[in-house]
Amino acid sequence: MQLYSRDVGDGTPLVLLHAFPLSSAMWLAQREALSARFRVVTPDLRGFGGSPLGTAEPSVDVMADDVAALLDAKGIDRAVVGGLSMGGYITLAFCRRHADRVLGLVLADTKATADTETARAGRLRMAERLEEDKTVDVLLEDLLPRLVGPTTMRQRALIYGRVRGLVQSAPPAAAAWAQRAMAARPDALESLAELRSPALVIHGAEDEITTEEDARAMAGALPNAELTLVPGSGHLTAVEQPQLFNDAVAEFAAALGRTTR
Ligand code: MLT
């Protein structure tokens, strides 16, 4: 399985893993701003954007191994690896399976805990509906309204429109597969204590999907983490407040590049 990715710039590699049910298109502002200082690699995860879905059983480990294979293909040994929400779950799986390749990690609007039984059942119901309907109507009804925060809805309608377009273009089969993969993900909170790499945790102050408590739990459990709270943003900090997001990531990744050169 070879993931499609957009890869721009030179310098310390910075791999950014997208949220559900979006694609590497969500990282447009990061590619534009951060490629002046870093090599920004933004894959389309299995089934999304330009990447095929393949035949593997749903698993965040499979998605993390896809990213490792992509780095192999690009000749990248170590990178700053970051992800937003689902991308964060995959970043944590990548750290479990390929820790020696992680220069630093960025965990944005995500959580390290596994799903509750209720959340897991909800994901499996959503996966079934996606497969039955063969459309993403359920995502537009149930998820889209919670993806961006009230400030973005009020002040930046164009951003909401862009996110809506990205959700509309998600393939239903890939979205169902990813929901099953997320439902099966293990709890990663306990294992955070073993991660020696520096970490940046980012959280949108208006996020309704993950909470500040989730962000603080990760930052508290990681031995070497800093936490950035992003005002005026819901769940999609990188899309809703790109400047604040980019500044935090650039400062973090630049410090790592200096210590590893
Ligand atoms: C995401 O934004 O990637 C999803 O909302 C994550 C999730 O469903 O837990």
Side-chain angles (χ1 to χ4, degrees), residues 15-27 30 42-49 51 58-60 63-64 66-67 81-94 105-130 136 138-149 152 159-160 162-172 174-189 201-204 206-215 217-218 230 233-241 245:
V15 179
L16 296 173
L17 307 177
H18 64 79
F20 172 89
L22 310 180
S23 71
S24 61
M26 72 162 268
W27 300 115
Q30 284 65 46
T42 57
D44 284 336
L45 296 165
R46 204 172 254 260
F48 296 96
S51 294
S59 151
V60 290
M63 297 165 102
D66 288 342
V67 175
V81 181
L84 194 145
S85 201
M86 175 178 80
Y89 307 153
I90 299 161
T91 301
L92 290 169
F94 189 91
L105 65 150
V106 179
L107 297 167
D109 309 288
T110 192
K111 53 179 175 273
T113 46
D115 281 346
T116 60
E117 275 309 316
T118 315
R120 193 171 294 131
R123 286 194 198 279
L124 299 180
R125 269 199 312 278
M126 191 182 271
E128 277 163 24
R129 179 142 172 226
L130 284 158
V136 292
V138 64
L139 302 180
L140 295 169
E141 290 157 18
D142 292 0
L143 182 62
L144 177 66
R146 294 182 296 134
L147 276 182
V148 303
T152 299
I159 290 188
Y160 176 73
R162 206 177 131 229
V163 171
R164 184 184 173 86
L166 291 178
V167 173
Q168 268 167 332
S169 53
W177 191 95
Q179 278 292 20
R180 294 187 194 283
M182 289 192 282
R185 77 188 192 284
D187 192 292
L189 198 57
V201 177
I202 299 178
H203 177 71
E206 301 173 358
D207 187 352
E208 283 182 25
I209 295 179
T210 58
T211 64
E212 187 174 327
E213 201 185 340
D214 293 323
M218 289 189 295
V230 180
S233 178
H235 188 54
L236 298 178
T237 44
V239 181
E240 295 178 63
Q241 290 289 357
F245 183 96

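It should be emphasised that the depicted structure is a prediction, and the values quoted were computed from it without experimental measurement. Counting starts at 1 for both ligands and their atoms, following the listed order.
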Checklist entry - With Thr113, which residues qualify under side chain to side chain donor-acceptor pair (under 3.5 Å), at least two apart? => result none
Next on the checklist: Quick check: closest heavy atoms across Ala93 and Val60, and the distance to 0.1 Å?
Outcome noted: CB-O, 3.8 Å
Checklist entry - Any idea which heavy atoms bring Val148 and Glu240 closest together, and the distance? => result CA-OE2, 3.4 Å
Item to check | Set of residues satisfying salt bridge (charged side-chain N to carboxylate O under 4.0 Å, His left out) with respect to Asp66, sequence neighbours excluded | outcome: Arg46
Next on the checklist: According to side-chain hydrogen bond (donor to acceptor under 3.5 Å, both in side chains), does anything in residues 119-129 pair up with another residue at least two apart or in another chain? List the pairs.
Outcome noted: Asp115-Arg123, Glu117-Arg120, Arg123-Gln179, Arg129-Asp133, Arg129-Glu141
Item to check | Residues in the immediate environment of ligand 1 (any heavy atom closer than 4.0 angstrom) | outcome: Ala19, Phe20, Ser85, Met86, Tyr89, Arg123, Met182, Ile209, His235
Checklist entry - Would you call the rings of Phe20 and Phe48 parallel, tilted or perpendicular, where under 30° means parallel and over 60° means perpendicular? => result perpendicular
